Number of protein chains: 2
Amino acid sequence: MTILQGDNLELLKTIKSSSVDLIYMDPPFFTQKTQKLSSKDNITYSFEDTWASIEDYKCFLHNRLIECKRVLKDSGSIFVHCDKTANHHIRLVLDDIFGADMFQNEIIWNYKRWSNSKKGLLNNHQNIYFYSKTKKFKFKTIYTEYSSTTNLDQILVERRRDSNSKTTYKLDDNGDYILSKEKIGVPLSDVWNIPFLNPKARERVGYPTQKPILLLEQIIRIATDENDVVLDPFCGSGTTLVASKILNRNYIGIDLAEEAISITKQRLETIIKTSSNLLKKGIAAYKTKTEEEENILKLLNAKVVQRNKGIDGFLPQHFQDKPIPIKIQKKNEDLNDSILLLQNAIKSKNLKFGIVIKTHTDNLLFESEVLSKNILVISHFELMIEKWLNNK
Amino acid sequence: MTILQGDNLELLKTIKSSSVDLIYMDPPFFTQKTQKLSSKDNITYSFEDTWASIEDYKCFLHNRLIECKRVLKDSGSIFVHCDKTANHHIRLVLDDIFGADMFQNEIIWNYKRWSNSKKGLLNNHQNIYFYSKTKKFKFKTIYTEYSSTTNLDQILVERRRDSNSKTTYKLDDNGDYILSKEKIGVPLSDVWNIPFLNPKARERVGYPTQKPILLLEQIIRIATDENDVVLDPFCGSGTTLVASKILNRNYIGIDLAEEAISITKQRLETIIKTSSNLLKKGIAAYKTKTEEEENILKLLNAKVVQRNKGIDGFLPQHFQDKPIPIKIQKKNEDLNDSILLLQNAIKSKNLKFGIVIKTHTDNLLFESEVLSKNILVISHFELMIEKWLNNK
DNA sequence: ACCGTCCCTGAATCATTGG
DNA sequence: TCCAATGATTCAGGGACGG
């Protein structure tokens, strides 16, 4: 919502105390080099990351972090991104300001990247330190899939330990197993495998040290709710703000460089995301097709059609020399609407048959009335299961 | 070759200067707790990890690291194992003694482990700091396999940069690609995925904080040649020495605790190294679902179950306090077989209902005979479409 | 009598090996 | 292939203690 240009120390002072839910901070890494990168348009952006001493650098951070703490709500938290060069010094400053007992996690961002053949191991990670302002910080656990080595069916049964801490299965009065409560998945780990931005990806706008949106999305998801306020005092090319916008959070961005501000504003206007295959998984959130619809089409091996009201995809094979269109019932559509939309599309495209996937029941009494011979209505698996279970 | 019991500060002083090639050090992590673990035979080994202050702890390390540096050869290096609790303090001490410019890598040991109910992210990594004594340290690059997303062209075809510094593939006079010399692989990354020593592993000797042999082997491989000298001043249950012995390196181990020394000696006599399926075949070998099956499970929002013949997944919600298993008909299975397998699983797990997804028609005449009230058979979309179209 | 803090115990967790 | 077992870490709850 707000993008400010200038020294973040001064500008942070203008922000109200206890007003921010999440700060993501990606300060210079103390590389002692000038960071630069040229974009496709041959415009070169750069910033200075050279310091008189590490003390100088720590002081620089210290002053800003004090303001950061002030503007955070009591339920707020801060994520500070650094790399191996100075992560230990940065963490000392954080311990100093937020307190060692407010340290929550060291997040390892792990990526694969080809790099020059230096002696030693390839540097394939960066560190993100997660501190909260108080013990009562906001945290939304993300649950992930179980490892494929886990025997989930085993875990389904309740167990207890006897006095020797031996495990036995719990049995009911009939001697049958007692099943455990619903499983929700494994809480997210502190090591995140997120691909480094492919240099060719469209997402890249030509600003040094740009971070992938997925990384920021994940941070925002675990630390905020919708409409919360996200602050990035070194916003650079604005990835944090873009991710905030995508996830419906409010945002404040600050950067010293005029170019940074203008890139950020541009990006926010036309949100671009890389379509790199590696990243696809997590970006379902703002594609035209919802993930659910995509799954249905994938299951049918269908060719996906974007931006068509009547047709979502086509079956892979023609039938009687005509393609067969698929229409998925949308959330706000009655089945009749869906069928009509498909019928219209069939007529205008001069097709023969079509398929509608019914995804929810609506209240119409005479659903079958509009059914026509050239359209097959198939219920989503979930609907069939629901119907069956309701009779049990 | 040598195992010494006593205070490592005193014992380090008895070791000749510039005589050691590699030091692996796994000091207490500053957890401020007593580390203990009771083994199968109810023998409990433990050590104290409580300190008056962080300064105390740093001083303790400082004194020992000074001796460590002295005993290292000029070509030698040190690997210091720690975790998130005090890694920043430890690195400061290391910077202080070895010099910040002798810092080579921060190794992240990443593992999966049983989870818990922590607020925040699961801690699934530990840090190992790699410093060398001089710039001329010994380093043997390990090459790993290319990741599956790597474009093979990049590996096999020679490239060059044209005048605009664009990369193009080199072509011979006939316009064919010139294949490059055999590539040897990707140099080892600084993030290591090595399984955590499982509670059930035979390799476990009942000593707390025991590290997997594999982890030590990797360190020893990159930093030493055969017959070099490896020193572990906090050798605990002796994993470092075992790995050294396996790899034909000479070793010196020191520990304060008498039990540690005796376990170590025992382990060195009969070396037990876990060689599980996971280590042999990799995690991918456990992922046995086809893409089609995964799509079906995803469409149902199901929890995936690997390694079970009768059950492929569970619906996300319980019904009447029982989970509902899903079985997908396999290529070579009749529908009856699938139903029977699921029925057996339902019986043995004391479940109520189940769902079978029929993926192909088989030639059985009386499919319906085995249908039972507690199982819902749903046809795959494709089957329904096929059937419908065949009547057209 | 009441509160907050500290410590101890108990329950819950799941990735993995072993039988 | 299937079934059984295990533990580092976490939180919750209860009891002890001191103010």
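Just so you know, these numbers use all the heavy atoms, side chains as well, and skip hydrogens, waters and symmetry mates. Since this is a predicted model, take the numbers as computed values, not measurements. Throughout, a chain's letter reflects where its sequence line sits, starting with A, and its residues are numbered from 1.
Distances were taken from every side-chain heavy atom of Arg113(B) (C-beta onward) to each of dC3(D), dA8(D), dT1(D); the shortest belongs to dA8(D).
Both Asp83(B) and Asn308(B) lie close to DNA chain D; mapped to their nearest nucleotides by heavy-atom distance, the more 5′-ward contact belongs to Asn308(B). The residue among Trp114(B) and Lys349(B) whose nearest nucleotide of DNA chain D lies closer to the 5′ end is Lys349(B).
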Considering only nitrogen or oxygen atoms on both sides, find all protein atoms under 3.5 Å from nucleotides 17-19 of chain C and state each distance.
from, atom 1, to, atom 2, distance (Å)
dT17(C), OP1, Ser276(B), OG, 2.5
dT17(C), OP2, Ser276(B), OG, 3.4
dT17(C), O4', Asn198(B), ND2, 3.3
dG18(C), OP1, Arg202(B), N, 2.7

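Electrostatic pairing of Glu333(B) and Lys327(B) counts as a salt bridge here, judged by a charged N lying under 4.0 Å from a carboxylate O. One finds a salt bridge joining Lys349(B) and Asp153(A) here, because a Lys/Arg side-chain nitrogen approaches an Asp/Glu carboxylate oxygen to under 4.0 Å. Looking at Glu293(B) and Lys331(B), no side-chain N of the basic residue comes within less than 4.0 Å of a carboxylate O on the acidic one, giving no salt bridge.
The distance from atom CD of Glu182(A) to atom P of dC14(C) is 13 Å, rounded to the nearest whole Å. As a whole-Å value, the separation of Lys183(A) NZ from dA15(C) P is 10 Å. In this structure, NZ of Lys327(B) is placed 11 Å from P of dT1(D), rounded to the nearest angstrom. Distance NZ (Lys347(B)) to P (dC3(D)): 14 Å, rounded to an integer number of Å. Atom-to-atom, CG of Asn124(B) to P of dG7(D) comes out at 19 Å; the value is rounded to the nearest Å. What separates CZ of Phe139(A) from P of dC11(D) is a distance of 11 Å, to the nearest Å. One interatomic measurement links the two molecules: NZ of Lys118(B) to P of dT13(C), which rounds to 18 Å at whole-angstrom precision. Residue Leu122(B) contributes atom CG, which lies 9 Å from atom P of dA15(C) at whole-angstrom precision.
Residue pairs satisfying the side-chain hydrogen bond (donor to acceptor under 3.5 Å, both in side chains) criterion with at least one member in residues 141-151 of chain A, sequence neighbours excluded, are listed as follows: Ser147(A)-Thr149(A).
Under the 3.5 Å distance criterion, with hydrogens and angles disregarded, no donor-acceptor pair is assigned to the side chains of His89(B) and Tyr57(B). When only modelled atom types and interatomic distance are considered, Gln126(A) and Asn87(A) share no side-chain donor-acceptor pair under 3.5 Å.
Among the heavy atoms of the strands, none lies under 4.0 Å from Tyr111(B). Within the 4.0 angstrom heavy-atom criterion, no nucleotide atom of any strand lies near Gly120(B).
By the salt bridge (Lys or Arg N to Asp or Glu O under 4.0 Å) test, Lys303(B) is found to be paired with no residue, residues two or more places apart in sequence or in another chain being considered.
For dA12(C), neither phosphate oxygen OP1 nor OP2 lies less than 4.0 angstrom from any side-chain nitrogen or oxygen of Ser115(B).
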